[in-house]
Student: 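A single structure is presented below for examination.
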2 protein chains.
Amino acid sequence: MATIADVAKRAGLSRATVSRVLNNHPNVTEDKKRLVREAMESLKYVPNTTAQRLRNQRTDTIAILVPVLTNPFFAYLLEAMDMVATKNHLQLLICQTRYSKQKEMDFLELLRTKQVDGLILTSYENEWKKIEPYSAFGPMVLCNEYERNTKVPIIRMDQFEASYIGTRHLIEQGHIRIACTCGDKSNLAKDRQAGYRKALVEAGISVQEDWIFSNVFDIEDGKRVLRTIMNLKEAPTAVFTGSDQVAAGMIMAAKALGKNVPDDIAIIGFDDQPIARVVEPALTTIRQPIEELGKTAMEVMIDFIAFKKEVNHQEILLPYDLVIRDSTMSKLKSISI
Amino acid sequence: MATIADVAKRAGLSRATVSRVLNNHPNVTEDKKRLVREAMESLKYVPNTTAQRLRNQRTDTIAILVPVLTNPFFAYLLEAMDMVATKNHLQLLICQTRYSKQKEMDFLELLRTKQVDGLILTSYENEWKKIEPYSAFGPMVLCNEYERNTKVPIIRMDQFEASYIGTRHLIEQGHIRIACTCGDKSNLAKDRQAGYRKALVEAGISVQEDWIFSNVFDIEDGKRVLRTIMNLKEAPTAVFTGSDQVAAGMIMAAKALGKNVPDDIAIIGFDDQPIARVVEPALTTIRQPIEELGKTAMEVMIDFIAFKKEVNHQEILLPYDLVIRDSTMSKLKSISI
DNA sequence: TTGTAAGCGTTATCAT
DNA sequence: ATGATAACGCTTACAA
C-alpha cells in the first residue's frame, strides 16, 4: 500500500503538505493541491485509518450494547443507528450482552480503556449505580431503556403513557379482567406496569397482583403464560403484553386450546414488529418509533464526539402510536353496533 | 491512560520486557514477569489496540457483507459469526449493502485498502467477475451464496438438493400443479430452481415457465404473488417458495381470499425462521443450518488470517432438513388414510 | 535474559 | 505557503 511518504515523493512535496490537502487545510496553493491529487490518484493512495486513529487519539468507533442481535426490535434499532453512523464515518461495534451482567461490564470497559469513542446502551442488566460511573470515561447515551436522576442523555418513548393508552383501549372494549406481562424490574418495565395500573385504577378496576407476570420475553414465554392464564378460575379476558413476540405466542397457544381471540381472550402487543401483521388475528399493538429512536440517539452521540457538545442532561421523548387491528376488536361487538 | 512506558518505569524495566510479558514471549524470568504484572495492575494498564494494530499491520477486523440486518436469516448468521469472532479477539464490521451494487463495491474496497483483515460475503449484487479480483487483496470467504469456478472458499447448504427434496414432498402429497418463487439470477436461486425442475421432470410433470416467479423476497411480495396465482385459470395447487417470509405472506393472502391452506393451496417455506411456527397453519419448510454456516465461515476465515493457511479452494456443504408441518399436509387426506 | 532503538503511517508544531 | 521533525503507543531486530 502506498503511504503518505510515497505520495509526497511522487508529488515532489513534503508529507506535511500532502497531509494538509488530505485534511482540507487552508494555505495550500491550488497548484500544489492538484499535484498532490494527481499523485494520490496514480498511486491509488488511501490513508491508513489505523495510523490516523493513533495520531488523532480517536477510534472512530461507537459501541452499541444490545441484548441480542436476533431480536427484531434491536435489529431495527441497530439498522437506524448504522445509517447515521456510516454517514459520519463512524464504525459500529455491536456488543451482544446476551443478558449477562458480566459481559455488560466487560463491554463498558471499552469506554474506560478508550477502545471506543462512545457507547450507547439500549438496555442493561446491572444496577444503574454500577453503570453510571463509566459515563465519566467518555460519552454515553441511553436509548430505549430508561433511568431517572442521571446526567446521561436519554432518548426514549414514554412507556408509561403508551401502556396506559394500550390498557385503556382494552377497557374501552369492555374488559375488566386484564392480565399483564410486564412485571420486570427494569425501569422500562416498571413504567409499563405503572401505565397499566393507572388505567385500571382510573376505571375503578382493582389490580390483581397475581395477574402481573414477569420474565416473559419471547414466543415460548407467551405460550406458557397464556396456558397458565386460561387455567385460572375466573380467567382474565384480556392481556396487555410487553412485546409482539409474546402476544404472537399467546395467540398460538390460545388457538391450540380452541379459544377465540379476541372473543375469549383479547391480546395487545407492543412494538409493531412485522410479526404483528402476520399472526391471525392481526395484533393490535403499540408502535414504537424505532427508526427515530436509533437515529436520534446516534445524532446525540455525534454531537458529543464531533462538536464536543456539553453532556448536559437531556431527555428526548418520541411519540408512540396505538395501532388497532383484530386481536382486540370483537367481531360480535362490531356487528352489534 | 497509562502507556507501556509508564508500566516499564514503574516496574523498573524496559518497554521491551513489558511488551514481552504482554505477548507471552519466552525468555522472561518469573521475577520480572511478576514485577511487570504488578505494575500493570497498579496502573490499571490496558494496551492501546490502535497502536498494536499500526505496529502489527493488522486491523483485527472482519467485514461481513449482508443485504440488511433486519432480515432474520442474516441476523442469525451474524450472531453465529460474532460468537466465533469475539472468542478470537476479532471485531466484526457489519456492512449493509441494502441490495446496492455501488455500496457493495465500496465495501469491497475495505479489503483492497487494508481497512479490514478479511471479508465474508453472504450474498452479492454485482457480477462475480467484478467481485472475485478483490480476493487477491486479502482473505475472502463466501458463506451462503454460491459460485462455481472460483478459488474463494465456500460454506453453504446444497440448495439444489434441498429444493429438490422440498418440491418432491409437494409431489408426494399429490400435487402436480406447482408454482415456484425462485426465478432469480443469483446462483443460489438458480440452484433452487434447478432442484424444483428436477423434481418435476423426474415425476413426469412438465414445467410451466410462467409459474416461476422472480423478485419475491418478503411478506408483501408473497401476498402479491399469491393473488396473482389464484387468479390464473387452472391455478396451481401448491407453491415452492424460497423463504418463510414469502410463504407467510402467501398464507395471509390466501386466507384473505377465503382459501384454505393446504387444501386449496399448499405452501412450503424455506429457512425455518421463527415465523414458520407462528403462522397458521404452521409452515412446512426447509431448515437451513444457519448457526453452523456462520460458525464455519468464521472459522475458515480465522484459519486464513491467524494460521496463514493456504487459500486453496474448499467447499463445505452443510446439511438441510425438511421440516414437515401443516401448510402442506391436508387434514382431509390424513383422515382418509 | 534484558535493553536499545528503529519504525508502523499519520498529523501538528514550529521554523523558514 | 511549505518543510523538517517530533510525537501517538506499540513490537521486534539486534546488541549486550
Side-chain angles (χ1 to χ4, degrees), chain A residues 1-40 43-61 89 91 110 112-117 138 306, chain B residues 1-40 43-61 89 91 110 112-117 138 306:
Chain A
M1 295 296 307
T3 74
I4 204 170
D6 300 324
V7 176
K9 191 190 291 177
R10 170 78 71 115
L13 295 163
S14 71
R15 290 177 308 172
T17 305
V18 176
S19 176
R20 286 191 188 102
V21 338
L22 212 49
N23 296 285
N24 295 312
H25 278 284
N27 303 339
V28 184
T29 54
E30 283 305 323
D31 252 21
K32 317 273 175 187
K33 265 187 199 163
R34 196 175 40 70
L35 245 39
V36 170
R37 296 237 166 80
E38 282 168 7
M40 285 179 175
L43 293 169
K44 288 184 182 294
Y45 168 77
V46 178
N48 179 315
T49 40
T50 305
Q52 291 180 316
R53 286 171 184 176
L54 176 59
R55 171 64 224 215
N56 294 328
Q57 300 286 75
R58 294 186 282 94
T59 64
D60 301 318
T61 304
H89 307 289
Q91 286 189 8
L110 293 171
R112 189 179 68 73
T113 60
K114 306 288 182 218
Q115 303 203 55
V116 296
D117 292 345
Chain B
M1 296 295 309
T3 72
I4 204 171
D6 300 325
V7 177
K9 190 189 293 178
R10 169 78 71 114
L13 294 163
S14 72
R15 290 177 310 170
T17 306
V18 176
S19 175
R20 287 192 189 100
V21 338
L22 212 50
N23 296 285
N24 295 313
H25 278 283
N27 304 339
V28 184
T29 51
E30 282 305 323
D31 253 21
K32 317 273 174 186
K33 266 188 200 164
R34 196 175 40 70
L35 246 38
V36 169
R37 296 238 167 80
E38 282 168 9
M40 285 179 175
L43 292 169
K44 287 182 181 296
Y45 168 77
V46 178
N48 179 315
T49 40
T50 305
Q52 291 179 315
R53 286 171 185 177
L54 177 59
R55 170 64 224 223
N56 295 328
Q57 300 286 74
R58 295 186 282 94
T59 63
D60 300 318
T61 303
H89 306 288
Q91 286 189 8
L110 292 171
R112 189 179 67 74
T113 60
K114 307 287 182 217
Q115 303 203 55
V116 295
D117 292 345

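The shown structure was predicted, so the numbers you read here are calculated from the model rather than taken from an experiment. Protein chains get the first letters and strands the later ones, always in sequence-line order, with residue 1 at the start of each.
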Student: What is the distance, to the nearest angstrom, from the CG atom on L22(B) to the C1' atom on dT12(D)?
Tutor: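 About 14 Å, once rounded to whole Å.
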Student: What's the closest nucleotide to the side chain of L54(B) if the choices are dT11(C), dA1(D), dC8(C)?
Tutor: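 The listed nucleotide nearest to L54(B)'s side chain is dC8(C).
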Student: Figure out the CG/P separation between L13(A) and dT16(C), and round it to whole Å.
Tutor: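 Atom CG in L13(A) sits about 20 Å away from atom P in dT16(C).
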Student: For V46(A), does its backbone N or O pair with a side-chain atom of T113(B) as donor and acceptor, under 3.5 Å?
Tutor: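 Not at all, since once roles are kept as given, no pair shorter than 3.5 Å links the two residues.
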Student: Give the rounded distance in Å between these two atoms: CE of M40(A) and C1' of dG9(C).
Tutor: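 My rounded result for the distance is 13 Å.
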Student: With a 4.0 Å limit, can you tell me whether T29(B) has a side-chain N or O closer than that to the phosphate oxygens OP1/OP2 of dT2(C)?
Tutor: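 Answer is yes, contact under 4.0 Å.
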Student: Between K32(B) and dT1(C), does any side-chain N or O lie under 4.0 Å from OP1 or OP2?
Tutor: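 Answer is no, no contact under 4.0 Å.
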Student: Of the options dT2(D), dG3(D), dT10(C), whose atoms approach the side-chain atoms of N48(A) most closely?
Tutor: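 Output: dT10(C).
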Student: Below 4.0 angstrom from OP1 or OP2 of dG3(C), is there any side-chain N or O of T17(B)?
Tutor: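 Answer is yes, contact under 4.0 Å.
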Student: Measure the distance from CD on Q115(B) to C1' on dT10(C) and round it to the nearest whole Å.
Tutor: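 Distance, rounded to whole Å: 14 Å.
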Student: Could you tell me which non-hydrogen atom of L54(A) sits nearest to which non-hydrogen atom of T50(B), and how far apart they are?
Tutor: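 In this case the closest contact between L54(A) and T50(B) is N-CG2, 3.4 Å.
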Student: OP1, OP2 of dT10(C) versus side-chain N and O of Q57(A): anything below 4.0 Å?
Tutor: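 The answer is no; no side-chain N or O of Q57(A) sits under 4.0 Å from OP1 or OP2.
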Student: Under 4.0 Å: is that the gap between some side-chain N or O of T3(A) and OP1 or OP2 of dG9(C)?
Tutor: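 So the side-chain polar atoms of T3(A) never come under 4.0 Å of the phosphate oxygens OP1 or OP2 of dG9(C).
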Student: Measure from the side chain of N56(B), starting at C-beta and using heavy atoms only, and say which of dT4(C), dT11(D), dA12(C) lies closest.
Tutor: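 Comparing dT4(C), dT11(D), dA12(C) against the side chain of N56(B), the answer is dT11(D).
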Student: In whole angstrom, what separates I4(A)'s CD1 from dA12(C)'s P?
Tutor: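 Rounded to the whole Å, the gap is 11 Å.
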Student: Looking across every strand, which nucleic acid part, if any, lies under 4.0 Å from N27(B) by heavy atom: base, sugar-phosphate, or nothing?
Tutor: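 Counting heavy atoms under 4.0 Å across all strands, the contact made by N27(B) includes a base.
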Student: So does S19(B) get a side-chain nitrogen or oxygen closer than 4.0 Å to the phosphate oxygens (OP1/OP2) of dT11(D)?
Tutor: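 Answer yes for this pair, as a side-chain N or O of S19(B) is under 4.0 Å from OP1 or OP2.
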Student: Search all heavy atoms of R15(A) against all heavy atoms of A8(A) and return the closest pair with its distance.
Tutor: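 Taking every non-hydrogen atom into account, N-CB, 3.6 Å.
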Student: Taking NZ from K114(A) and C1' from dC8(D), how many angstroms apart are they, rounded to a whole number?
Tutor: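 After rounding, the gap between these two atoms is 15 Å.
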Student: Should the side chain of R55(A) and the base of dT10(C) be counted as holding a donor-acceptor pair, with the cut-off at 3.5 Å?
Tutor: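 No.
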Student: Is there a side chain to side chain contact (heavy atoms under 4.5 Å, CB included) between M40(A) and V18(A)? Walk through the geometry before answering.
Tutor: CA-CA 9 Å; M40(A) 285 179 175; V18(A) 176; 3.8 Å; yes
Student: Could you check whether any side-chain heavy atom of K33(A) comes within less than 4.5 Å of a side-chain heavy atom of V36(A), counting everything from C-beta outward?
Tutor: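 In short, these two side chains do not touch, never coming nearer than 4.5 Å.
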Student: Looking for any heavy atom pair under 4.0 Å, which part of the strands does R20(A) touch: base, sugar-phosphate only, or nothing?
Tutor: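 Base, at least one base atom sits under 4.0 Å.
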Student: Relative to the 5' end of DNA chain C, which residue comes earlier, M1(A) or H25(A), by the nucleotide with the nearest heavy atom?
Tutor: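 With M1(A) and H25(A) compared, the 5'-side residue is M1(A).
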Student: Charged N to carboxylate O below 4.0 Å: is that the case for R34(A) and E30(A)?
Tutor: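 No, R34(A) and E30(A) are not salt-bridged.
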Student: Distance check needed: dG3(D) C1' versus K9(A) NZ, whole Å only.
Tutor: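 It is 17 Å, rounded to the nearest whole Å.
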Student: Scan R15(B) against the nucleic acid and name what it touches under 4.0 Å (heavy atoms): base, sugar-phosphate only, or nothing.
Tutor: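 Since a base atom lies under 4.0 Å of R15(B), the category is base.
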Student: So, is Q52(B) near the phosphate of dC8(C), with a side-chain N or O under 4.0 Å from OP1 or OP2?
Tutor: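 The answer is no; no side-chain N or O of Q52(B) sits under 4.0 Å from OP1 or OP2.
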Student: Using whole Å, report how far CG of D6(A) lies from P of dC8(C).
Tutor: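 These atoms are roughly 11 Å apart.
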